[in-house]
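Okay, so here's the structure we're looking at.
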2 protein chains.
Amino acid sequence: MMTAPALDPETRLQRDDHEALRLWLRLFTCTTMVERRVDQMLKRAFGSSLARFDVLAQLDRAPDGLRMGALSEGTLTTNGNVTWLVAALEADGHVTRRTAPDDRRATVVRLTAAGRRHFTLMAREHEALIIHGFAGLTALERRTMHTLLGTVKQHLRLERTS
Amino acid sequence: MMTAPALDPETRLQRDDHEALRLWLRLFTCTTMVERRVDQMLKRAFGSSLARFDVLAQLDRAPDGLRMGALSEGTLTTNGNVTWLVAALEADGHVTRRTAPDDRRATVVRLTAAGRRHFTLMAREHEALIIHGFAGLTALERRTMHTLLGTVKQHLRLERTS
DNA sequence: GGTCTTTACTTGAAACTTCAAGTAAATCGC
DNA sequence: GCGATTTACTTGAAGTTTCAAGTAAAGACC
């Protein structure tokens with residue numbers, strides 16, 4: 001192992017910068033590659049999409065349903081997009097929408113039985129693809145990465161509020 | 001630290017599965033959060049977008065220009081999308097297109113001087129955002145993550161060809 | 001209890017992306 | 001060299017996403 005050469009502050013800074021950029025580039029590349037595969041699989045095999053799957057996944061974990069706002073936060077997408085996605089899912093009979101009893105501005109979205117079945121089928125294939133995709137790492141490496149990403153995520157969340 | 005409990009093969013498998021899924025979920029979340037921030041910044045401050053920036057970034061590293069196909073591979077997007085993006089960038093005067101001298105099917109895209117200036121301005125802000133976003137990790141952690149992602153990326157590439 | 005602000009969501013236009021099908025040039029096999 | 005295949009890109013339609021502006025209900029403040 002080589003000793004790091006002494007660097008003046010400016011050079012060190014540039015080096016750090018490039019490092020962060022390279023990290024981001026790689027993160028972006030890996031995510032996009034997996035994303036595209038998953039999306040294509042969901043489209044071809046189920047006539048669905050990653051965005052729809054994501055909405056269904058949120059709802060699958062919420063037996064009492066979720067409001068549009070919660071879906072929008074959970075999927076990291078805009079309100080308008082969630083409105084559009086849920087409308088499409090409703091047209092397909094996968095979810096229902098009803099006005100919240102305690103707040104007439106709010107809409108509660110719920111999975112239908114058919115929606116749950118549909119999701120379960122997709123989730124199986126989805127999981128297989130993900131497991132396959134990350135099989136290049138050992139279990140320990142996956143855990144390490146999970147932990148590091150946890151730090152990044154928390155940092156991003158904190159940053160957002162300030 | 002606890003000792004891991006003994007697990008039968010099936011249970012162990014399920015555990016691994018959930019681990020990979022959780023890793024993917026977190027990876028996706030972090031990437032999307034950064035992506036959205038960068039995209040919003042580029043839109044608000046420069047009337048551009050992450051996709052356009054990505055094309056310009058590829059071209060900035062290629063003084064002799066790039067073919068549409070290379071751009072498409074580099075940006076991990078479809079041919080049709082690159083055609084669209086490049087047409088928009090050309091209309092804005094940021095790039096030029098010309099038929100490749102050695103292959104009349106191919107188009108070579110090159111950054112104009114104005115395009116390079118525009119990109120340089122955006123790159124500055126972009127880098128600042130990225131550095132800020134990953135400041136939650138130490139330099140060592142960033143390196144670790146970079147290495148792990150390298151493994152993932154290579155695994156994904158190898159998988160694709162098979 | 002009436003205005004003022006905030007919140008929850010929807011809408012429409014424009015931007016972007018994908019997919020499938022198409023065009024034209026290069027290359028392969030003979 | 002000539003037809004068959006492949007490659008490089010474009011096109012058009014449909015799908016998706018975003019943004020800004022809008023509507024309606026809830027809550028805040030007197």
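Numbered from 1 within each chain, the chains take letters A, B, ... in sequence-line order. Computed over heavy atoms, backbone and side chain alike; hydrogens, waters and symmetry mates excluded.
Between A/T77 and A/N81, the shortest heavy-atom distance links the atoms OG1-ND2, 2.8 Å. A/H146 and B/R26 make their closest contact through O-NH1, 2.8 Å (heavy atoms, listed as atom of the first residue, atom of the second, distance).
Contacts of A/A51 with the nucleic acid, taken as non-hydrogen atoms under 4.0 Å apart, involve only primed sugar atoms and P, OP1 or OP2. Among the atoms of the strands shown, none is found under 4.0 Å from any heavy atom of B/R44.
Counting non-hydrogen atoms of other residues, nucleotides and ligands closer than 6.0 Å to CD of B/Q40 gives a total above 12.
To the nearest angstrom, P of C/dA14 lies 15 Å from NZ of B/K43. Atom CZ of B/R36 is separated from atom C1' of C/dC16 by 14 Å (rounded to the nearest Å). Distance, B/L89 CG to C/dC16 C1': 13 Å, rounded to whole Å.
The nucleotide range of DNA chain D contacted by chain B, defined by atoms under 4.0 angstrom from heavy atoms of the protein and reported 5' to 3', is D/dT7 to D/dC19.
For the residue pair B/T75 and B/D54, no side-chain donor N or O sits within less than 3.5 Å of a side-chain acceptor on the partner. Checking B/D39 against B/S49 by side-chain atom types alone, no donor-acceptor pair falls below 3.5 Å.
Mapping A/D102 and A/S48 onto DNA chain D by nearest heavy atom places A/S48 at the nucleotide closer to the 5' end. When the nearest nucleotides of DNA chain C are assigned to A/T107 and A/D39 by heavy-atom distance, the more 5′-ward of the two goes with A/T107. Checking B/A88 against A/Q40, the closest nucleotide of DNA chain C that is more toward the 5' end is the one next to B/A88. Mapping A/R105 and A/R52 onto DNA chain D by nearest heavy atom places A/R52 closer to the 5' end of the strand.
Between A/R110 and A/V95, every side-chain heavy-atom pair lies at or beyond the 4.5 Å cut-off.
At a threshold of 4.0 Å, the pair A/R67-A/D102 counts as salt-bridged, since one of the basic side-chain nitrogens sits closer than that to a carboxylate oxygen.
Between B/F53 and B/H126, the ring planes lie tilted relative to each other; the angle falls in the 30° to 60° range.
Residues of residues 62-86 of chain A that place a heavy atom closer than 4.0 Å to DNA chain C, in numerical order, are A/R67, A/M68, A/G69, A/N79, A/G80, A/T83.
Here A/H155 pairs with nothing under the ring-ring contact (aromatic ring centres under 6.0 Å, His included) rule; sequence neighbours left out.
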